[in-house]
Amino acid sequence: MSDYKINTKCVQGGYTPGNGEPRQIPIIQSTTFKYATSEDMGKLFDLEADGYFYTRLQNPTNDYVAAKICDLEGGTAAMLTSSGQAANFYAVFNIANCGDHVVASSTIYGGTYNLFHVTMRKMGIEFTFVEPDCTDEELEAAFRPNTKAVFGETIANPALTVFDIERFAKAAHAHGVPLIIDNTFATPVNCRPFEWGCDIVTHSTTKYMDGHGAGVGGCIVDSGKFDWMAHADKFPGLCTPDDSYHGITYAEKFGQAGAFITKCTAQLMRDFGSIQSPQNAFLLNLGLESLHVRMARHCENGLAVAKFLKDHPKVSFVTYPGLEGDKYYDLAQKYMPNGTCGVVSFGVKGGRKAAETFMKHLKLAAIETHVADARTCCLHPASATHRQMNDAELVAAGITPDLVRMSCGIEDAADLIADIEQALAQV
Ligand SMILES: *Cc1c(COP(=O)(O)O)cnc(C)c1O
């Protein structure tokens, strides 16, 4: 569907039924697939023929939905995973192994930070975290001879910093490694990182793509632009024979367009099995069909709420990259001229207690450990996700005790503002 506009791709991308076939994506609720001969089956195992044999590796329902997300991002190959965490783990582990090193933005999602800093470190992979606004010298100093990738988030959750994709892509490519971007908050409707030099995109589809809080999921998309063979010494997993697949060299057999996702499926999905269930893939696709309509409303409501809060006497600060005067406004205008996301952070004057009082009185906005949902929700990190930290540690982590993270849904902005107004009046 590459000639159509993104709005059309959201609705009809990925699956084109033939004559008399189901209009909606079929849910292939089957663990396995039947073949006439053992030779047919053998060819699948050798990656000599295309086809399905076991749903731990691949399933047609998932592949229809992955193809839609691939089309939305402008990539050449994609796969679904069981969660955003699995997507980020696979994307990095597919090219960085024990003894390797990765440069990552310091403001990435806490779950990803923990995955990198604690769990993947135990696997022998080292990470250097750099501020998204670091100087060129600081960025340059972060690279090592064994660096295999650079990682960032288009809009960081929940810091709401905007990643300068072009700048980090240039630095990554100068060192012969790809840039991986988690595009969860912006979605391809608002930003397509491949257009700015990014090589691999990941998603927690749990957020805006699903959009209804119905299913946890993830996705990895390859731009097909990174020339693995030109840096074969750095990426032996892609550029030398895989003994577990009869000596196939992925970058030779599947080319730039297919090597990354084929290896990720054939090795990591085979061995770790973090596959998305076909039922969840079906629900995800229902969400994708309205993604373009919902994102516009999320952004409209986010901006309206941010503007209201900015002028409110009981509010100490507002962070929203779509708001004029925000530290990241200019970068947001460059990469996301049509809107950023629906998440707004702000402080309630009076500190921790004031923030808690405010949230207790909200009626429409529910207190949840979730964001990017059709229904407005909010979280007080100091008493939830960052509860174990004292006030000084919170400030060091960029989270003030009075900070409230509000994820604006797609309700009427006037109702959301009235709810916030009455809750602030109780403080
Ligand atoms: C939620 C989130 C993740 C983790 O995704 P899950 O689907 O919860 O595993 C990763 N990155 C970002 C930016 C997120 O918001």
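Here the structure is a predicted model, which is why all the values come from computation and not from measurement. All ligand and atom numbering here is 1-based and tracks the order in the structure.
- In terms of protein heavy atoms, atom 12 (C) of ligand 1 is closest to Asp182 OD2, 3.4 Å.
- Contact of the Ser345 side chain with the Val404 side chain is not registered, since no non-hydrogen atoms from C-beta on lie closer than 4.5 Å.
- The one candidate from Met120, His101, Lys148 that meets the side-chain contact (heavy atoms from CB on, under 4.5 Å) condition with Ile125 is Met120.
- Comparing Ser274, Ser82, Gly110, Ser204 against atom 5 (O) of ligand 1, the shortest heavy-atom distance belongs to Ser204.
- Atoms of ligand 1 found under 4.0 Å from any heavy atom of Ser83, numbered from 1 in the order shown, are 7 (O), 9 (O).
- With 3.5 Å as the limit, one finds no donor-acceptor pair spanning the side chains of Asn301 and Glu411.
- Asp164 and Tyr335 share a donor-acceptor pair across their side chains, judged by distance under 3.5 Å alone.
- The aromatic rings of His117 and Phe129 sit perpendicular, their planes meeting at an angle over 60°, well past the 30° parallel limit.
- In terms of heavy atoms, Met359 sits closest to His380 at SD-CB, 3.4 Å.
- Close contacts between ligand 1 and Asn157 involve ligand atoms 14 (C), 15 (O) [criterion: under 4.0 Å to a heavy atom].
- At least one heavy atom of Gly217 sits closer than 4.0 Å to an atom of ligand 1.
- Of the protein's heavy atoms, Gly84 N, 3.4 Å lies nearest to atom 6 (P) of ligand 1.
- Between Phe235 and His231, the distance from one ring center to the other does not fall under 6.0 angstrom.
- Within ligand 1, the atoms closer than 4.0 Å to a non-hydrogen atom of Gln85 are 4 (C), 5 (O), 6 (P), 9 (O), numbered from 1 in the order shown.
- Near Thr206, the atoms of ligand 1 lying under 4.0 angstrom from a non-hydrogen atom of the residue are 6 (P), 7 (O).
- Less than 4.0 angstrom separates some heavy atom of Glu153 from each of these atoms of ligand 1: 13 (C).
- Lys207 NZ, 2.5 Å is the protein heavy atom nearest to atom 2 (C) of ligand 1.
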